[in-house]
**Student:** 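The following block contains the structure, expressed as structure tokens.
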Amino acid sequence: MTAPPVRASIDPRQSFPELEQTVAERWAARDVFQRSMEQREGAKPWVFWEGPPTANGRPGVHHILGRVFKDVFPRFQTMRGHHVERRGGWDCHGLPVEIAVEKQLGLSSKHDIENIVPGDVRASIERFNAACRESVFAYIGDWDRLTRRVGMWIDLERAYRTMDASYVSSIWSALKTMDEKGLLYQGNKVVPFCTRCGTALSSHEVAQGYEDIKDTSAYVRFPVVAEALPLSSPLRKGDSLVVWTTTPWTLWANVAAAVGPDVEYVRVSTPDRDGERRVVVAARELVEHAFGEDAEVLGDGFPGSALEGTVYEAPFVAAGRTDAGYGAVIAADFVSTDSGTGVVHLAPAFGQDDFVAVADAAAKRRFPAGTAAAKFDARDPATLLNPVRDDGTYDETVTDVAPQYADRFVKDLDLDLVTELADRGLLQRKQRYEHSYPHCWRCGTPLIYYARPSWYLATETVRDGLLAANDTVTWHPPHIKEGRFGEWLRGNVDWAISRSRYWGTPLPIWQSTTVQEGEDLPRRIVVGSLEELAERSGVTLEDPHRPFVDDVTFQEDGLTFERIPEVLDVWFDSGAMPFAQDAAPQDPEGLEHYEAHRIADYVCEGLDQTRGFFYSLIAESVLLRDEAPYKNVLCLGLILDENGQKMSKSKGNVVDPFEALDRFGADALRWYFFTSKQPWEGYRYSDEAVRDGVRLFLLPLWNTASFYAQYAAIAADAVPAATPDTEAPAGEETELDRWIVSRMEATTAVATEALDAYDVTTAGRAIGAFVDELSNWYVRRSRRRFWDGDPVALGTLREALVRVATLLAPLAPFVSDELYVQLGGTHDSVHLADWPAVDPARRDEALEADMATARETVRLGLAARAASGLNVRQPLRKAVVVATGDERAAIERLTGVITDELNVKALEFVAEADELGRVALKPNLRSLGPRFGKAMGTVRAAIEGLDGTRVAAALREGEPVVVQIDGAEHELTADDLLMSLETPDGYQLEREGQHAVALDLEVDDALRAEGLARAVLRQVQVARQDAGFEVTDRIELRLGGDAGALDAVRAHEDHLLGEVLAASVAYEGATGTPVQVDGRDVVVQVTRV
RNA sequence: GGGCGAUUAGCUCAGUCGGUUAGAGCGCUUCUCUGAUAAGGAAGAGGUCCCUGGUUCGAAUCCAGGAUCGCCCA
């Protein structure tokens, strides 16, 4: 038998934040992170990708969540034997950075930015981007500190940066490949646009600028062109369509009207503003809403589809419009009958729905020839009717015919336009309309939706590929796959990748300045790398950003090529990280590495990244190579404060992550995030919840180890020898030893399976439950063996603690490592150890079940104790246990555990419950339900009418039990019945279901004396502790006071002396303050010898 | 307006295949044990399982509709 190797004491009052500091220093000194990867060199890679955070803002508690979930599985998989590279990364570009710099420099528009150096756009952009470059890493110090402090192991020195030239070059290569596949094109996109700032706004910016305003809305008549009506048309000469619009200024761009194909329409005779009756067309269910009760429906209704192809006269016709102002009707599913007239005015330049509907109808050739809409091509900006300049005023195509509208913001012209419509007899009604409308969050100007030329990736054409790729991905939680993400992919539209901004990856598209003869459009060249650009132009760029890249031009085929001004959507940057972090394909070594690691086993980000990182990864992967980029994706939810409020500076409820870390330690926060709930559900963060984790898990674990170290050190005067982590202690094992070992193996199995399935919550909870069993049952019930230095108990406890440390290593890397090292683990760090294999031979599920029964028996016994008023210190002669079959066997097997815990001399069994009370019968619905179905009610009554005690006896004798149900006889087995005890009169017992425990409450003189002696013993122990003695100190004892108490002690003197490590006891001469022992005064005096 | 998710004790959360008296931890009250623990044990109080309808012998669980909250999108 080898003694456990620990001599050092484990400080029971450990500060975890301080401990973590020590552990971190040890990791650095022993180079543990590097070695943990190096020792797996050549093993199967397990690929993790860091979705790059932006370091231009201060990290918050929610970033701890991300950091630790990105850390736990790589640590686990490393222990499992995989080679897990972990490379950090930083997102450098994009609007968040630009906005921070705008604030810092006091700028509020693109105009401002381009005039930092007045009149010199190029120099201004240079200054602006230089400021962005500096701002990108404003908080990188905090980020690095946070990352290390929470124990996230990731290579920050080699972190990729999306603004590096090599990264940009990789992106260029990807775009070139996509262009070669015909997936890159220029088109239009309707965006929320601020005409004052001259910029499009992101949805996030739009969301913060909604205000309630009152607009003038108008019901406008579109007279149909009678000559063009098909014979089958339900319409007549003189009829008009009526549309309702809240933006009359967009009528100048009207090219079509939409109706619902399945909506019922009617012709209506109704007076207009001037009282003249007009025949108009509207959806039947909106007639009263739109025209009031005077409206008279003419004839039968007809479906919207019957109106398709109807040609009408648009109300305003801009100069140069080749169609003479004819619009046409299409059917579209988005037309609703919630408001308006059921006929919707379409201006593709000013509405995304309009744009898509018209583009779609045009592509399907559903517009009559000669209408403007018929020529519309989403990919050709020249075919779009847009008479508004980007400063928000009408251009000359309007002002040539209507000079009164010049130089005014179009949105301010609504009233003038409505007046003109009225003058021309086209206004059916007007109406003030109050609604929520977006404004620029910077300057307050109402936004307009506005078509802008934009570059696209044709992701819609690879939609099937995206869905097929998604099909191979395992999502956590699973509903994301078909739900949020699947829906997003199914509704996928082409990815608009260009931004008219400054600080971003420049789009590598060079266009010819002139159009070659015989061609419609300028030529374009997509440049695939910085090297290629150097070859074409002779210019080698050190910094690929604007404005330097804008300077580069080159000549080819007699044409001059200049770069387009736009930069790339930052999300493309992040989606390019699988290859761009390796500088692939241009760097041969990087390319090789990328090829071997091109599919991630695991990525983990916030739930909001379904439209961000998760999407950009899969889109680029499918566009480039038609495969899924990742196998497992874990989504994280939001962190709210303890009241469920979003954390925000204005509310003052933001939790400082460093403060929380300093107070509780990283492992405490990690434990909270891992075990309190599934991470995608979101958290209500509270200090209290984190503190509970420390109090109920970390401290009990730590103190169990401390307890072990204390007694192991005492026992180590025997033979210290290193025990391998996995070697079971030899010698006489008790049932408790075998039980805790079995539980240990079971816990290992659960943790392994859960972590393999990316479920750290289940793993953590299982480990937590095991520590509770270890501390509150195994140790509690084995204390005497530890006091005695039992090597088997010590060895078993050590093995269990080492196992806990190992299982806990990925979750709580600091505490687990400190425990492991203190317990004398065989490696320099638990993080260099292998994940433990489950040993099925050491599982004993029957024993686990038996122990559960025994604990239940104890629970009932203790309840009986409490009810009886006799405290546990008073020994009792016996406990009478009611149990049968397996339960009885279990209790007999573990009698010692139960008698010790209940402090009774013996357990006695009554053979059957009916000897202690009457048996009540209930039907077992689970077995009878399927058998009797609807007759269950009768069956229940029949069973409850039986004499339970006799039935129990009959079943015991193997006799059949028969019930009469509707005249038929049915035989019941023991499984069909649930038997429980009813408390008999004059008996005190605790029962639950089929168990019961009764205590023999008779206390004779001997038992009373023993109880008294124990009470004195307890006071001696208190005196020892008060005197500050070590648990190994020997003492001399003097007792005085109550004679009865002293007599009781004399009767149990040997026992007492052994328990309190007293060499001798004297019953006189004791000095000191008397203490109360069961109502008697006793004087206790202890002296160290 | 659309999609997705959530709703169980004062709080944080479990709840398996539809099954019997819906559980745990924290907190609270009372009692208790203690050679490790900030711990442990016992009892008590605390529930419209969001609501309504349906399916079923039986619904926290399945279905439909609705409410509230959150996220994403429009």
Side-chain angles (χ1 to χ4, degrees), chain A residues 10 12-13 203 206-207 334 336 338-339 352-353 477 479-480 482-488 490-491 606-612 635 637-638 640 642-644 646 672 675-678 680-684 686 688-689 691-696 698-711 714 761 765 768-769 772 775-777 779-780 783-784 786-787 858-867 869-873 901 903 922-940 978 980 990 992-993 1018 1021-1022 1024-1025 1029-1032 1059-1061:
Chain A
I10 296 177
R13 301 197 73 83
S203 58
V206 173
F334 70 81
S336 82
D338 296 339
S339 61
Q352 186 62 24
D353 279 347
H479 63 76
I480 298 291
E482 294 307 324
R484 185 177 293 199
F485 199 65
E487 290 296 332
W488 165 247
R490 275 186 286 279
L607 203 50
D608 52 340
Q609 296 298 329
T610 42
R611 312 296 159 106
C635 299
L638 237 70
L640 306 171
E642 53 193 315
N643 301 314
K646 228 171 163 167
Y672 165 71
T675 59
S676 68
K677 62 206 300 193
Q678 291 290 356
W680 50 80
E681 309 219 310
Y683 296 81
R684 279 194 181 192
S686 73
E688 204 50 52
R691 205 192 320 273
D692 278 350
V694 176
R695 205 163 56 81
L696 295 168
L698 290 178
L699 273 172
L701 169 61
W702 189 260
N703 280 308
T704 305
S706 169
F707 173 88
Y708 164 77
Q710 184 176 5
Y711 290 101
I714 294 167
T761 309
R765 287 176 178 177
D772 184 70
S775 162
N776 288 329
W777 194 245
V779 170
R780 173 184 165 81
R783 269 184 297 203
R784 175 159 307 279
F786 292 107
W787 304 338
V858 166
R859 198 176 73 73
L860 293 172
L862 290 173
R865 274 277 186 187
L870 283 174
N871 65 31
V872 182
R873 217 185 294 118
E901 187 71 15
N903 194 19
K922 280 190 166 187
N924 183 357
L925 299 179
R926 199 190 284 266
S927 85
L928 295 174
R931 187 165 146 201
F932 289 100
K934 275 193 213 292
M936 252 342 276
T938 324
V939 175
R940 181 192 294 264
L978 298 173
S980 62
E990 289 295 322
E992 183 159 304
R1018 157 98 183 109
Q1021 300 290 23
V1022 170
R1024 281 185 60 114
Q1025 258 184 346
F1029 297 167
E1030 296 295 321
V1031 297
T1032 47
E1059 289 293 290
V1060 303
L1061 300 184

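Sequence lines set the chain letters: A, B, ... in the order given, protein chains first and strands last, and positions in each chain run from 1.
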**Student:** Roughly how far apart, to the nearest Å, are B:G18 and B:G47 at atom P?
**Tutor:** 29 Å
**Student:** A:Leu698 CG to B:A39 P: how many Å, rounded?
**Tutor:** 14 Å
**Student:** Need the glycosidic conformation of B:G35: syn if within 90° of 0, anti if not. Which one?
**Tutor:** syn
**Student:** Which nucleotide, B:C71, B:C26, B:U37, lies nearest any side-chain atom of A:Leu638?
**Tutor:** B:C71
**Student:** Could you pull out all residues at least two apart from A:Gln678 that satisfy side-chain hydrogen bond (donor to acceptor under 3.5 Å, both in side chains)?
**Tutor:** A:Asp759, A:Thr761
**Student:** Side chain of A:Glu487 only, heavy atoms from C-beta on: which candidate in B:U37, B:C26, B:G3 is closest?
**Tutor:** B:G3
**Student:** What residues form a salt bridge (Lys or Arg N to Asp or Glu O under 4.0 Å) with A:Glu487, not counting sequence neighbours?
**Tutor:** A:Arg490
**Student:** Please enumerate all residues that pass side-chain contact (heavy atoms from CB on, under 4.5 Å) together with A:Leu696, with sequence neighbours excluded.
**Tutor:** A:Asp692
**Student:** Does OP1 or OP2 of B:A36 have a side-chain N or O of A:Arg783 closer than 4.0 Å?
**Tutor:** yes
**Student:** Toward the 5' end of RNA chain B, which comes first, A:Val858 or A:Val1060, by nearest nucleotide?
**Tutor:** A:Val1060
**Student:** For RNA chain B, what is the dot-bracket line, given that a base pair needs Watson-Crick (N1 to N3, plus N6-O4 or O6-N4) or G-U wobble (N1-O2 and O6-N3) geometry with both distances under 3.5 Å, and | means paired with another strand?
**Tutor:** (((((((..((((.....[...)))).(((((.......))))).....(((((..]....)))))))))))).
**Student:** Take atom P in B:U48 and the same atom in B:A60, then report the distance between them in whole Å.
**Tutor:** 14 Å
**Student:** With heavy atoms under 4.0 Å as the rule, sort A:Arg484 into base, sugar-phosphate or nothing.
**Tutor:** base
**Student:** Quick one: do A:Arg783 and A:Phe707 satisfy side chain to side chain contact (heavy atoms under 4.5 Å, CB included)? Show the steps, please.
**Tutor:** CA-CA 10 Å; A:Arg783 269 184 297 203; A:Phe707 173 88; 4.0 Å; yes
**Student:** Heavy atoms from C-beta onward define the side chain here; which of B:C26, B:G35, B:A36 lies closest to that of A:Leu1061?
**Tutor:** B:G35
**Student:** When we call it a touch if two heavy atoms are under 4.0 Å apart, what does A:Gln1021 touch: a base, just sugar-phosphate, or nothing?
**Tutor:** base
**Student:** Of the nucleotides B:A36, B:G40, B:G35, which has the atom closest to the A:Ser775 side chain?
**Tutor:** B:A36
**Student:** Should the pair A:Arg1018-A:Glu1059 be classified as a salt bridge under the 4.0 Å nitrogen-to-oxygen rule?
**Tutor:** no
**Student:** Taking 4.0 Å as the cut-off, does a side-chain nitrogen or oxygen of A:Arg695 come that near to OP1 or OP2 on B:A39?
**Tutor:** yes
**Student:** Using the P atom in both, what is the distance from B:A6 to B:A74, to the nearest Å?
**Tutor:** 24 Å
**Student:** Could you measure between the two P atoms, the one in B:G40 and the one in B:C71, and give it in whole Å?
**Tutor:** 37 Å
**Student:** Mind checking if A:Glu901 touches a base, just sugar-phosphate, or nothing, with heavy atoms under 4.0 Å?
**Tutor:** nothing
**Student:** Please measure how far the C1' atom in B:C33 lies from the corresponding atom in B:C69, and state the result in whole Å.
**Tutor:** 45 Å
**Student:** With P as the reference atom in both, quote the distance from B:G5 to B:G41 in angstrom, rounded to an integer.
**Tutor:** 39 Å
**Student:** Among the candidates B:A36, B:C4, B:A38, find the nucleotide nearest to the side-chain atoms of A:His479.
**Tutor:** B:C4
**Student:** Reckon A:Ser686 touches a base, only the sugar-phosphate, or nothing at all at heavy-atom distances under 4.0 Å?
**Tutor:** nothing
**Student:** Looking across every strand, which nucleic acid part, if any, lies under 4.0 Å from A:Val779 by heavy atom: base, sugar-phosphate, or nothing?
**Tutor:** base
**Student:** Could you list the residues that satisfy ring pair (Phe, Tyr, Trp, His ring centres under 6.0 Å) with A:Tyr683, not counting sequence neighbours?
**Tutor:** A:Tyr672, A:Phe673
**Student:** So, OP1 or OP2 of B:U34: does either fall under 4.0 Å of a side-chain N or O from A:Arg1018?
**Tutor:** yes
**Student:** Does A:Arg765 or A:Val872 map to a spot on RNA chain B nearer the 5' end, using the closest nucleotide for each?
**Tutor:** A:Arg765
**Student:** Tell me whether the OP1 or OP2 atom of B:U34 has a side-chain N or O from A:Arg873 closer than 4.0 Å.
**Tutor:** yes
**Student:** When all nucleic acid strands are considered with a 4.0 Å heavy-atom cut-off, which category describes A:Ile480: base, sugar-phosphate, or nothing?
**Tutor:** nothing
**Student:** Let me know the distance between CG of A:Asp692 and P of B:A24, rounded to the nearest Å.
**Tutor:** 17 Å
**Student:** If you look at every strand shown and take non-hydrogen atoms under 4.0 Å, does A:Leu862 touch a base, only sugar-phosphate, or nothing?
**Tutor:** sugar-phosphate
**Student:** Is A:Arg765 reaching over with its side chain to a backbone N or O of A:Ser676, donor-acceptor style, under 3.5 angstrom?
**Tutor:** yes
**Student:** Could you measure between the two C1' atoms, the one in B:U61 and the one in B:U16, and give it in whole Å?
**Tutor:** 11 Å
**Student:** With rounding to the nearest 0.5 Å, note down the distance linking CZ in A:Arg691 to CG in A:Leu699.
**Tutor:** 12.0 Å
**Student:** Not counting sequence neighbours, which residues clear salt bridge (Lys or Arg N to Asp or Glu O under 4.0 Å) with A:Glu681? List them please.
**Tutor:** none
**Student:** Can you figure out which of B:G40, B:A36, B:A14 approaches the side chain of A:Glu681 most closely?
**Tutor:** B:A14
**Student:** Give me the distance, rounded to whole Å, that separates B:G15 from B:U52 when you measure between the C1' atoms they each carry.
**Tutor:** 24 Å
**Student:** Which nucleotide wins on minimum distance to the side chain of A:Asp608, given the candidates B:A36, B:C72, B:G40?
**Tutor:** B:C72
**Student:** Look at the side-chain N and O atoms of A:Arg684 and state whether any lies under 4.0 Å from the OP1 or OP2 oxygen of B:U12.
**Tutor:** yes
**Student:** Could you give the CZ-to-P distance, from A:Arg780 to B:G35, as a whole number of Å?
**Tutor:** 12 Å
